[in-house]
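Take a look at the structure set out below.
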Amino acid sequence: MSLLAGFATTLAMIVAIGAQNAFVLRQGLRREHVLPVVLVCALSDAVLISAGIAGLGVLISTSPLALSIAKYGGATFLLAYAAFAARRAFRPTTLAATDHTPAAVRTVVVTCLAFTWLNPHVYLDTVVLLGSLANQHGPDARWLYGLGSVTASFTWFFALGFLSRRLAPVFARPRAWQVLDTTIALLMATLATVMLVS
């Protein structure tokens, strides 16, 4: 029961559109370094969820300094990425799915790590919230809850990264990339603003 509860709760939380999911979707559509991206996301979730179950959530939730660093660092990163997405949207001729110079895998992985580790909501969702929910299942069942959560994370990111390529025919047109990048720019800017005022 704890395993299923962890899976269902995590899947419900992770499916929400956010900065990390938008990045994974874009990489999947471009068919560019998808495996490293989904592994970074899923393994990061596994580390954070495990840390929350082990008790790190209590420490983070009581440290204003840690939350402030994550808040302002994350907002700065999101605003910078919003600016890059907006610039891409204004140059649709360079956005065709089959006509781009692939970014270096190191650059993509570092960007993915930033989306994951500079977002304070990731800590609140995984370490604090999921860690607290897991610990309500008792000392033994909490790790089953965590296993369910980690399984949901792997399932979601692999599905998003590798199944998004089915949309490739739609995104063969530069106009579709322009709409996607405009949406991403607005989403990142909105998330950064919400992060700063919350």
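Between S149 and G6, the shortest heavy-atom contact is OG-O, 3.4 Å. Scanning all heavy atoms of the two residues, the minimum distance from T155 to T151 falls at OG1-O, 2.8 Å. Taking every heavy atom of both residues into account, T126 and V122 meet most closely at OG1-O, 2.5 Å. Considering every non-hydrogen atom in both P36 and V109, the closest pair reads CB-CG2, 4.0 Å. Here the shortest heavy-atom pairing between H137 and S2 reads ND1-OG, 3.0 Å.
Note: the hydrophobic cluster containing L35 does not contain V110 (ILVMFWY, side chain heavy atoms under 4.5 Å, direct or indirect links). I53 and L144 are assigned to two separate hydrophobic clusters, defined by single-linkage of ILVMFWY side chains at heavy-atom distances under 4.5 Å. Clustering ILVMFWY residues whenever any of their side-chain heavy atoms sit less than 4.5 angstrom apart, transitively, puts L113 in the very cluster that holds V105.
Going from atom SG of C112 over to atom CZ of F157 covers 8.0 Å, rounded to the nearest 0.5 Å. We find the CD-CG distance between Q20 and D45 to be 6.0 Å, quoted to the nearest 0.5 Å. With values rounded to the nearest 0.5 angstrom, I49 atom CD1 is found 5.0 Å from T10 atom OG1. In this structure, CG on L4 lies 10.0 Å from OG1 on T9, to the nearest 0.5 angstrom.
R165 places no side-chain N or O within donor-acceptor distance of the main-chain N or O of R31, the cut-off being under 3.5 Å. In this structure, S164 contributes its side chain and G161 its backbone to a donor-acceptor pair below 3.5 Å. The closest donor-acceptor contact from the side chain of H33 to the backbone of A103 lies under 3.5 Å.
A side-chain contact (heavy atoms from CB on, under 4.5 Å) with V24 is found for one member of V34, L160, V40, L29 and no other, namely L160.
For F162, the ring-ring contact (aromatic ring centres under 6.0 Å, His included) partners are F158, not counting sequence neighbours.
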Subject >> Test side-chain contact (heavy atoms from CB on, under 4.5 Å) applied to F154 and L43, step by step >> reply: CA-CA 8 Å; F154 270 84; L43 290 173; 3.6 Å; yes
Original post:
Where do W117 and V47 land on the side-chain contact (heavy atoms from CB on, under 4.5 Å) test, with the steps shown first?
Top reply: CA-CA 11 Å; W117 293 89; V47 169; 4.1 Å; yes
**OP:** Evaluate the side-chain contact (heavy atoms from CB on, under 4.5 Å) criterion for residues D181 and F84: first the C-alpha distance (whole Å), next the side-chain angles of each, then the deciding distance (0.1 Å), finally the verdict.
**Re:** CA-CA 9 Å; D181 279 321; F84 288 128; over 6 Å; no
**OP:** Take W156 and N21, measure what side-chain contact (heavy atoms from CB on, under 4.5 Å) needs, and give me the verdict at the end.
**Re:** CA-CA 10 Å; W156 168 251; N21 284 341; 3.0 Å; yes
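L3 belongs to a hydrophobic cluster whose other members, connected by ILVMFWY side-chain contacts under 4.5 Å either directly or through intermediates, are L147.
When side chains are defined from C-beta on, L130 counts as touching Y145, because their heavy atoms get closer than 4.5 Å.
Of the N and O atoms on the side chains of R30 and Q27, not one donor lies less than 3.5 Å from an acceptor on the other residue.
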